[in-house]
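This report refers to the structure that appears directly beneath it.
We number each residue from 1, following the sequence as shown. Model, not experiment: these values are computed from the prediction.
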Amino acid sequence: MATPRSDIPLSPLRTIAVVGLGTMGTGIAEVLTRNGRRVTGIDISEAAATRAVTTLRAATARAVRRGRLTGRERETALARFRTSTELGAAADADLVIEVAPESYEIKQQIFRALDGIVRPDAILATGTNALSVTRLAADSARPERVLGLHFFNPAPAMKLVEVVSSVLTAPAAVAAVTRLALDLGKEPVAVGDRPGFVADGLLFGYLNQAAAMYESGYASREDIDAAMRLGCGLPMGPLALLDLIGVDTARTVLEAMYAASHDRLHAPAPVLKQLSEAGLTGRKSGRGFYTYEAPGSPAAVRDTLTPEGTAAQAPAHPVRPVGVAGSGTMACGIAEVFARAGHEVVLAARTEEKAAAAKARIGASLARSADRGRTTAEAAGRALDRIRPTGSYDDLADVGLALEAIAEDLDAKRQLFTTLDKVCGPGAVLATTTSSLPVIVCARATSRPQNVIGMHFFNPAPAMKLVEVVRTVLTSDEAHRTVRELCAAIGKHPVDCGDRAGFIVNALLFPYLNNAVKMVQEHYASPDDIDAAMRLGGGYPMGPFELLDVVGLDVSLAIERALHHEFRDPGLAPAPLLEHLVAAGCLGRKTGRGFREYAKR
């Protein structure tokens, strides 16, 4: 094995060659030229080189119109960019960034040719997001100067840059490109060489599971995407994102990840192969999981899989009043939602004191909304007046919907449903807000399983738009229709799913969180770097460790265990580090310590 050298000078990297002028290469060239670098764009296709010039001119013209560049700055930036169809044009470059197609053969051919062209002190960077940097470096005459420099698409807008070292990379080369990334206004994250690195390593496993979920017929593409947008605050749903990335690209990344990890979560879902081989690669071809107006268009259009909103459905019956059983955060939030939508609400707790305290918390929440201008004081007062607290479940006798929102304890829920079955009228729908337990067990505790359904609200219920509507094999069409109409009436977005662990959101979210924990457990990256990578590279509102500490590590462990028990996939086994932290009482913000420490309240 070659010994890494440390004699590569820390240079400002003023002259840079970009090899490959597709979307990513052109975007990187734009970032570099706008930040004072002289750039040579190289592509074997004269047409690609011409398109890059046209794209760069258009992008900088938009920047001038938006006041981000002056006309003189634009002309200066454009003057720094030239193109060539010959690798020899990289001879004077301080840094070469290769952004060719994801193929070892192509990339190795480029790196071998560059060995005979560039200066001895030039740094060679690959933009791969799936292939081994170490393997590419090992084939180079000077592996110590080879590293990964992974920008995210669109490169001008995305802040994250993963700086990837192999065991052969010289520290000075890493330092030089890290300095460059900072000069470009990017956020560099140092990572080791493994398929997908940090951001794509976590993202593509999640996307793959979403594709498999769709392929199994568990949920529609629209419901999967809406669930992850509304339930997790993501900018795009996973299937729409696969179409944007390219189904074929995603398949290539996953195959590389699976070859290295042999984790079944990374084994590409068969639907990805089927779509790729049919040429249905997403937006760029005009059709993937969705159909688009034209190749390259972002506008999805109706197709044969688009849900019909006017289809004949079972009649729903009116639901007034609504009963909520429970007195915790979720019960209070759900009661507030229904009351603000005009429903009379019976809030039933185990004691009168608990019920009164719950109503007081709802009053405080409504007052905060009024103070923030989200409602008026009069409307808040009317909503609060619609809530009747009680310490007896007998007071739920006349409700049209009885919604259970107690602790995630299956025995307690089963007992409560037995009680609701005896108390509530024969036409009432009985619903559970469980996020991880089987709805069918609640249904079988009653004499009317056809009227039992899951309504999984998300916390905080007044703010979150999503409700997962969970049908069991016994749920009637009428009960299902009633709940969907009710969700729409209270301003929520219902998505349909079957009665299995995790439903849609948790089944996709928690394996992603668990894989992030495994990265830390394996000392691959720090929680801070992983959080930064997912916020900046994936568009997530919170990094995985921020989210784990908010949700609670004990809650996260319970959900991960439920997923592992249901699907029996070794890749879903909870990370030992997660189990150790929970055993130590480090549960996140609520205990003052989880993956980070927090000030005591």
Side-chain angles (χ1 to χ4, degrees), residues 20-25 43-45 47-48 51 99-110 126-132 135-136 153 195-197 200-225 228 236-307 508 511 569 571:
L21 293 176
T23 301
M24 181 59 78
D43 200 293
I44 58 173
S45 166
R51 279 195 303 271
V99 207
E102 289 289 273
S103 159
Y104 277 119
E105 183 178 329
I106 293 172
K107 291 180 184 292
Q108 286 170 333
Q109 184 178 0
I110 291 170
T126 173
T128 183
N129 65 345
L131 304 181
S132 169
R135 181 173 166 183
L136 293 173
N153 196 31
F197 313 129
D200 285 352
L202 294 176
L203 176 65
F204 278 88
Y206 150 71
L207 296 178
N208 191 42
Q209 285 200 279
M213 178 181 283
Y214 167 73
E215 184 176 23
S216 73
Y218 176 69
S220 71
R221 61 189 182 181
E222 288 83 1
D223 279 354
I224 291 171
D225 280 354
M228 298 313 293
M236 295 183 74
L239 303 180
L241 182 55
L242 280 164
D243 276 355
L244 175 61
I245 293 169
V247 176
D248 52 341
T249 300
R251 178 188 172 196
T252 298
V253 173
L254 285 164
E255 284 177 341
M257 291 173 65
Y258 181 69
S261 70
H262 298 291
D263 186 334
R264 283 172 54 193
L265 298 180
H266 299 151
V271 69
L272 299 176
K273 177 181 179 182
Q274 293 158 15
L275 289 172
S276 296
E277 294 186 348
L280 307 179
T281 54
R283 284 191 190 181
K284 59 189 176 186
S285 70
R287 185 177 164 194
F289 286 96
Y290 294 90
T291 300
Y292 299 87
E293 283 184 347
S297 170
V301 297
R302 292 182 64 85
D303 58 23
T304 57
L305 297 177
T306 305
L508 297 178
D569 189 322

Item to check | Within 6.0 Å of CD in Q109, more than 12 heavy atoms from elsewhere | outcome: no
Checklist outcome for this item: Looking only at heavy atoms, the pair that brings I110 and A100 closest together is CD1-CB, 3.6 Å
Checklist outcome for this item: Between P268 and E255, the two heavy atoms sitting closest are CG-CG, 3.6 Å
Next on the checklist: So which atom in A267 and which in N208 form the shortest heavy-atom distance, rounded to 0.1 Å?
Outcome noted: O-ND2, 2.9 Å
Item to check | Residues forming a side chain to side chain donor-acceptor pair (under 3.5 Å) with T249, sequence neighbours excluded | outcome: none
Checklist entry - Got a sec: does the CD1 of I44 have more than 12 other heavy atoms crowding it under 6.0 Å? => result no
Next on the checklist: Once side chain to side chain donor-acceptor pair (under 3.5 Å) is applied, do any residues pair with T252, and if so which ones, sequence neighbours excluded?
Outcome noted: none
Item to check | Nearest non-hydrogen partners of A211 and A269, listed with the distance | outcome: CB-CB, 4.1 Å
Checklist entry - Is there a donor-acceptor contact under 3.5 Å linking the side chains of Y290 and D225? => result yes
Checklist entry - Can you tell me how far CE of M213 sits from CG of D223, rounded to the nearest 0.5 angstrom? => result 11.0 Å
Checklist entry - Under 3.5 Å, side chain of N153 to main-chain N/O of I245, donor-acceptor pair present? => result no
Checklist entry - In Å and rounded to the nearest 0.5 Å, what is the CG to CE distance from L207 to M228? => result 10.0 Å
Checklist entry - Rounded to the nearest 0.5 Å, how far does CG of D243 lie from NZ of K284? => result 10.5 Å
Item to check | Separation between CG of D248 and NZ of K273, rounded to the nearest 0.5 Å | outcome: 14.5 Å
Checklist entry - Taking 4.0 angstrom as the limit, do R221 and D303 come out as a salt bridge? => result yes
Checklist entry - With a 4.0 Å cut-off, would you call R251 and E277 a salt bridge? => result yes
Checklist entry - With no hydrogens and no angle check, is any side-chain donor or acceptor of S276 less than 3.5 Å from a backbone partner on L272? => result yes
Checklist outcome for this item: Tightest non-hydrogen contact, residues V247 and G282, listed as CG2-N, 4.3 Å
Checklist outcome for this item: Closest heavy-atom pair, M257 versus G201, reported as atoms and distance to 0.1 Å, is CE-O, 3.3 Å
Checklist entry - Can you tell me how far CG of D200 sits from CG of N129, rounded to the nearest 0.5 angstrom? => result 4.5 Å
Checklist entry - So, do P195 and Y258 sit near enough that their side-chain heavy atoms are less than 4.5 Å apart? => result no
Next on the checklist: Main chain of L21, side chain of D43: is a donor-acceptor contact present, judged purely on distance under 3.5 Å?
Outcome noted: yes
Checklist entry - Would L275 and F289 count as a side-chain contact (heavy atoms from CB on, under 4.5 Å) if you check the C-alpha gap in whole Å, the side-chain angles of each, and the deciding distance to 0.1 Å? => result CA-CA 8 Å; L275 289 172; F289 286 96; 3.8 Å; yes
Next on the checklist: Working to the nearest 0.5 angstrom, can you tell me the gap between Q209 CD and E215 CD?
Outcome noted: 13.0 Å
Item to check | L203/L241 under side-chain contact (heavy atoms from CB on, under 4.5 Å): CA gap, chis, key distance, verdict | outcome: CA-CA 10 Å; L203 176 65; L241 182 55; 4.0 Å; yes
